[in-house]
Amino acid sequence: MRALVYNGPGRISWEEVPEPSIAAETDAVVAVDATTISWSELSALRGGAPELPRGRILGHEAVGRVAELGSAVRHVRVGDRVLVSSVSGCGVCRFCREGRYGQCLGGGGSVLGRSVDGTQAELVRVPYAGTGVHLVPAGVSDEEALMLASVVPAAYEVGVLAGRVSPGDVVAVVGSGPVGLAALACSKLFAPSRVVVVERSATRRNLAKHLGADAVVDPEREDVLEAVRTLGEGLGADLAIEAAGVASAFELAVELVRPGGRVAVVGSHVAPATLHLERIWQKDLAITTGTVDTSSIPKLLELVRSRQLDVRALVTHRFVREEIEAAYETFADAERSGALKVVLTAAG
Ligand SMILES: [Zn+2]
């Protein structure tokens with residue numbers, strides 16, 4: 001089969017590799033119909049993952065058909081259309097029993113494209129398929145399901161649920177890349193009074209409006225504190241969801257919330273940020289953070305199937321997978337290309 005192989009920083013190639021097969025009774029092998037590229041793969045390509053071995057197939061999100069199943073996997077059958085989650089847990093360790101698959105002690109977690117070969121391939125072996133593979137209901141498209149592999153669960157679990165969005169809340173979303181926009185869409189499920197999105201890119205601000213933001217603010221031209229305070233009765237937001245993954249965005253999120261408010265950090269941070277504990281303490285703030293577990297995928301699939309949640313706007317570019325190297329360039333140059341998520345499909 002063919003797959004996208006990581007050959008060290010800055011070097012990827014779409015090449016012929018051996019096909020995967022079932023290695024444990026809890027495995028599934030999935031024939032990939034659609035996959036996508038994430039920020040973490042770009043970061044690895046830029047040298048940000050020194051532990052990543054050369055020869056590793058990248059990718060951790062996919063939709064496809066079950067090609068082969070281990071004997072212990074009973075919830076899907078060969079031929080079923082399935083979503084491959086970015087996280088799979090053993091299901092029995094202390095953390096998996098709490099739904100915290102990202103912290104799995106049994107060899108699961110965010111393993112695809114990292115410690116095992118990933119989804120940017122014609123076939124992928126999914127370990128712990130019991131939690132890593134989900135039947136896609138009729139009426140949910142491949143692209144919609146693909147957005148639920150990582151992006152939307154991260155926004156929903158780490159932003160909206162951990163941040164406890166409640167009816168009547170003023171919610172500020174800082175950063176409207178794919179995860180920020182998904183946080184906006186998922187916040188609306190809980191009837192906030194207003195959602196304001198803080199974003200530098202005009203394209204992304206427009207998309208945020210399209211997805212139902214009540215206000216958008218350009219931090220380079222407007223006084224963000226003033227704008228959010230005005231919406232929040234002069235006090236600020238009840239909750240700020242930080243979805244940019246940079247220190248300045250976290251520090252801004254802390255400033256935007258009212259006394260007694262919450263800050264939910266969903267952005268992926270790779271560098272330290274300043275924690276102004278002297279102000280956070282004085283304002284009675286609660287800060288939550290974490291990586292995605294994807295234990296919300298069954299719920300999110302149902303929300304998309306029943307048309308309560310619309311994630312279609314997250315897909316901006318489409319390629320056939322033989323064009324994957326061009327797709328990486330488009331995704332990496334998001335400022336110019338306007339890319340949010342790029343979808344790669346099998347030709348024909
Ligand atoms: Zn586990």
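One-based numbering, in listed order, for ligands and for the atoms of each.
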Got a sec, which hydrophobics cluster with Leu58, joining ILVMFWY side chains under 4.5 Å apart, including via others? Leu4, Tyr6, Ile12, Trp14, Ile37, Leu42, Leu45, Leu52, Phe319, Ile324, Tyr328, Phe331, Val342, Leu344
Are Thr330 and Ser337 close enough that a side-chain donor and a side-chain acceptor fall under 3.5 Å? no
For the pair Ser85 (side chain) and Val87 (backbone), establish whether a donor and an acceptor sit closer than 3.5 Å, ignoring hydrogens and angles. yes
Name all pairs fulfilling the side-chain hydrogen bond (donor to acceptor under 3.5 Å, both in side chains) condition that reach into residues 236-245, sequence neighbours left out, sorted by first residue then second. Asp238-Arg258, Glu242-His269
Do you know the tightest heavy-atom contact between Gly159 and Val266? N-CB, 4.3 Å
Pairwise side-chain hydrogen bond (donor to acceptor under 3.5 Å, both in side chains) hits with a residue in residues 69-82, at least two apart: Arg81-Asp142
Protein N, O or S atoms less than 2.8 Å from the Zn ion (ligand 1), ignoring waters? Cys90 SG, Cys93 SG, Cys96 SG, Cys104 SG
